[in-house]
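In what follows, residues are counted from 1 in the order of the sequence shown. In each ligand, atom 1 is the first atom listed, and ligand 1 is the first ligand listed.
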Amino acid sequence: MTPAKGPRTGGRSTVSLKILMAVTGLLLVAFLFAHMAGNLKIFVGAESFDHYAHWLRRLGSPLLPETWYLWIQRTVLTVALIGHVTAATILARRARRARPVRYAHRAKVQGSYAARTMRWGGVIILLFVIYHILDLTAGTLNPVGDPAHPHANVVADFAPGRWYVTLFYTLAITAVGLHLRHGIFSAARTLGQQTARGERLARQSSLVMAVVLVVGYLSVPFAVLTGLVS
Ligand code: HEM
């Protein structure tokens, strides 16, 4: 898609890249909410949690052969992630090229903490997702690592003796929260939000969504760490 207006520095227009970032970002946020809802089933019980994981593998059947839905979802998420990171990299390079001489003094106030940490936050999240897939999907880094028993994998992962795993997840999920707080707000602006009232609403709702996700995700490792879930 090539909008009629928008700065163009060769290749894709900046506006198209921002739209690509917003749309792929929102798709990834939708996954995060669905994944969090699934994780919270751990509070219902081991059977419910494992049943949910097995249901996910059979989703779409008999229309689709078993695990096809899961692979379609994985493909869509991977393509969205690649699009998101590629657009972010091109936009960052373009911004740097537009100012070849770096600021002698970086101004102290440059938007919120979340806005200033988007790039590094993104890198941390990417590294976390790779670790997390090896931990809880592939099971290679998990003390149990049994794909048939995700509840046992989660409980073993966040056992009190492995407090450093909970600490690592806490840092990574906080980075997710900060990234989303600014990301959702920016996406609203890219997708046409322009009024002062809309700006306030976008700021508040991005904060609420980020807090809900951080609390929802962190409730699982902390419930295991404190013995509430075992
Ligand atoms: C403490 C919080 C979290 C817990 C307890 C958790 C739990 C799990 C579990 C049990 C699985 C394996 C599901 C299965 O194979 O049946 C999984 C997969 C996954 N998780 Fe998480 N997760 C958490 C946070 C996150 C976060 C913050 C992200 C993204 C930033 C994320 C992204 C993924 C992805 C991409 C997969 C692979 C899904 C697939 O197999 O296609 N998770 N998670």
Task: Close N or O approach (Y169, ligand 1; < 3.5 Å) - done: no
TODO: Identify, by atom number and element, the atoms of ligand 1 in contact range of P221, meaning under 4.0 Å from any of its heavy atoms.
DONE: 1 (C)
Open item on the list: For atom 13 (C) of ligand 1, is there a protein heavy atom at a distance under 4.0 Å?
Closed with: no
Open item on the list: Which of the numbered atoms in ligand 1 are under 4.0 angstrom from any heavy atom belonging to V129?
Closed with: 29 (C), 30 (C)
Task: Atoms of ligand 1, numbered as shown, that sit under 4.0 Å from any heavy atom of F128 - done: 26 (C), 27 (C), 28 (C)
Open item on the list: Cation-pi check for W55 against R58: NZ or CZ below 6.0 Å from the six-membered ring centre and within 45 degrees of the axis, yes or no?
Closed with: no
Open item on the list: Please work out, at 4.0 Å between heavy atoms, whether the side chain, the backbone, both, or neither of L56 comes within that distance of ligand 1.
Closed with: neither
- [ ] Would you check, one step at a time, whether the test ring-ring contact (aromatic ring centres under 6.0 Å, His included) holds for F158 with F222?
- [x] CA-CA 8 Å; F158 303 118; F222 279 92; 8.9 Å; no
- [ ] Tell me which one of L32, N39, N153 gets a heavy atom nearest to atom 3 (C) of ligand 1.
- [x] N39
Open item on the list: Heavy atoms only: which of H132, H149, H151, R57 lies closest to atom 22 (N) of ligand 1?
Closed with: H132
Task: Closest protein heavy atom (residue, atom, distance) for atom 10 (C) of ligand 1 - done: V154 CG2, 3.8 Å
Task: Shortest protein contact, atom 8 (C) of ligand 1 (heavy atom only) - done: H35 CE1, 3.4 Å
Open item on the list: For the CD1 atom of I173 and the CG atom of L218, what is their distance to the nearest 0.5 Å?
Closed with: 4.5 Å
- [ ] Please work out whether the ring planes of Y52 and F49 are parallel, tilted or perpendicular, with thresholds of 30° and 60°.
- [x] tilted
- [ ] Spell out, as yes or no, whether a donor-acceptor pair under 3.5 Å connects the side chain of R57 to the backbone of T67.
- [x] no
Open item on the list: Could you check whether Y169 and Y217 have their ring centres less than 6.0 Å apart?
Closed with: no
Open item on the list: Under 4.0 Å from a heavy atom of V220: which atoms of ligand 1 are those, numbered in the order shown and with their elements?
Closed with: 5 (C)
Task: Exercise: do T86 and T89 side chains pair donor with acceptor under 3.5 Å - done: no
Task: F185 and H182 aromatic ring geometry - parallel, tilted or perpendicular at 30°/60° bounds - done: tilted
Open item on the list: Would Q73 count as a contact residue for ligand 1, given that I'm defining contact as a non-hydrogen atom of the residue lying under 4.0 Å from a ligand atom?
Closed with: no
- [ ] Check ligand 1 against R74 and write out every atom of the ligand that is under 4.0 Å from a heavy-atom position of the residue.
- [x] 39 (C), 40 (O), 41 (O)
TODO: Could you tell me which atoms of ligand 1, counted from 1 in the order shown, lie closer than 4.0 angstrom to a heavy atom of L136?
DONE: 7 (C), 8 (C), 9 (C), 11 (C), 12 (C)
TODO: May I ask you to identify the nearest protein heavy atom to atom 34 (C) of ligand 1, giving residue, atom name and distance to one decimal place in Å?
DONE: F31 CZ, 3.8 Å
Task: Residue part near ligand 1, for I173, under 4.0 Å between non-hydrogen atoms - done: side chain
Open item on the list: Within a 6.0 Å radius of atom CZ on R74, are there more than 12 heavy atoms belonging to other residues, nucleotides or ligands?
Closed with: yes
TODO: Quick one: pull up CG in L59 and CD in Q73 and give me the separation to the nearest 0.5 Å.
DONE: 8.5 Å
Open item on the list: Please report the interatomic distance CD1(I72) to CG(L77), rounded to the nearest 0.5 Å.
Closed with: 12.0 Å
- [ ] Using a cut-off of 6.0 Å, state whether more than 12 heavy atoms not belonging to H149 lie near its atom NE2.
- [x] no
Open item on the list: Between ligand 1 and Y217, is the shortest N or O to N or O distance under 3.5 Å?
Closed with: no
Open item on the list: Tell me the protein heavy atom at minimum distance from atom 38 (C) of ligand 1, and give that distance in Å.
Closed with: T137 OG1, 4.3 Å
Task: Atom indices of ligand 1 within 4.0 angstrom of A53 heavy atoms, with elements - done: 16 (O)
